[in-house]
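Counting begins at 1 with the first residue of the sequence. Just follow the structure's listing: the first ligand is 1, and inside any ligand the first atom is 1. Since the structure is predicted, the reported quantities are computational estimates derived from the model, not experimental observations.
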Amino acid sequence: MVIANNLNEIKKTIPEGVTLVAVSKTKPIEDIQQAYDAGQRVFGENKIQEMSDKYESLPKDIQWHMIGHVQRNKVKYMAPYVSLIHGVDSFRLLEELDKQAKRNNRVIPCLLQMFIAKEDTKFGLDEAELIEILESEAFSKLQHIEIKGLMGMATFTEDQHLIKEEFTSLKAIFDKVKNNYSHIPSLQLTTVSMGMSNDYLLAIECGSTMVRIGSSIFGHRNY
Ligand SMILES: *Cc1c(COP(=O)(O)O)cnc(C)c1O
């Protein structure tokens, strides 16, 4: 019951309009089933193989989000069922996603991951790279991906001011793109994915519409 309780406590703090992604990476099927039984339907994983195994074993109305770094050669395994990919950080990956989505006769919803942290361990695009992709001829030809918004991770720090600055900068880029590029058909901008167990309330204050919460629901992970 711990998982159901955690989930309910967190849900009380999340306003309507903000989607909760329950990050279940490394956690067993039974834990996910408990969260499912408590009403949760959106789950996030960071490894394609692990997510696909869980997809096979669990109810089919779960929406699976890939929140980790994506290797292009593994896209094909999740292309049939993945519901949102948060970590898209290159045009080459978009091309592969488009190709595999087409093969599966579907459109794959994606978020472009932005680099907002003051550390060099996090993946993501900077603003210039983002604009370059959006304005490119090659991008305009992709018909099987849909960009739903942006994703970012703040620096791993106690410094609330820094985290706030980073979240605010992601929201500002999102607003700018929404204002300037909404004529592009494959951009359907609704989502700013930012905020984890330790910083999701701050992220929501800064305009997050999707929070990715793992350890506060499922407990700490043993790697
Ligand atoms: C693991 C992970 C999370 C969840 O982190 P918690 O601190 O456990 O809430 C969120 N986003 C990404 C990209 C992750 O890899």
Sub-4.0 Å atoms of ligand 1 with respect to non-hydrogen atoms of [X]:
{"X": "Arg221", "result": "1 (C), 5 (O), 6 (P), 8 (O)"}
{"X": "Arg212", "result": "4 (C), 9 (O), 10 (C), 11 (N), 12 (C), 13 (C)"}
{"X": "Ile213", "result": "9 (O)"}
{"X": "Gly214", "result": "4 (C), 6 (P), 8 (O), 9 (O)"}
{"X": "Met153", "result": "13 (C)"}

Proximity of Asn46 to ligand 1 by residue part, where a heavy atom lies under 4.0 Å:
neither
If you count the non-hydrogen atoms of other residues, nucleotides and ligands that lie under 6.0 Å from CD in Glu132, is the total more than 12?
no
May I have all residue pairs that pass side-chain hydrogen bond (donor to acceptor under 3.5 Å, both in side chains) and include part of residues 100-112, sequence neighbours excluded?
Glu96-Gln100
His86 and side chain to side chain donor-acceptor pair (under 3.5 Å): which partner among Arg212, His65, Gln113?
His65
Test item: Ser52 side-chain N/O and Met78 main-chain N/O as donor-acceptor pair under 3.5 Å:
no
Would you say that Ile147 contacts Leu189 through its side chain, given a criterion of any heavy-atom pair below 4.5 Å between the two side chains?
yes
Please examine the side chains of Lys25 and Lys47, heavy atoms only from C-beta on, and report whether any two atoms are closer than 4.5 Å.
no
Would Ile67 count as a contact of ligand 1 if the rule is a heavy atom under 4.0 Å away?
yes
Shortest heavy-atom approach to atom 2 (C) of ligand 1 - which of His69, Lys25, His86, Met151:
Lys25
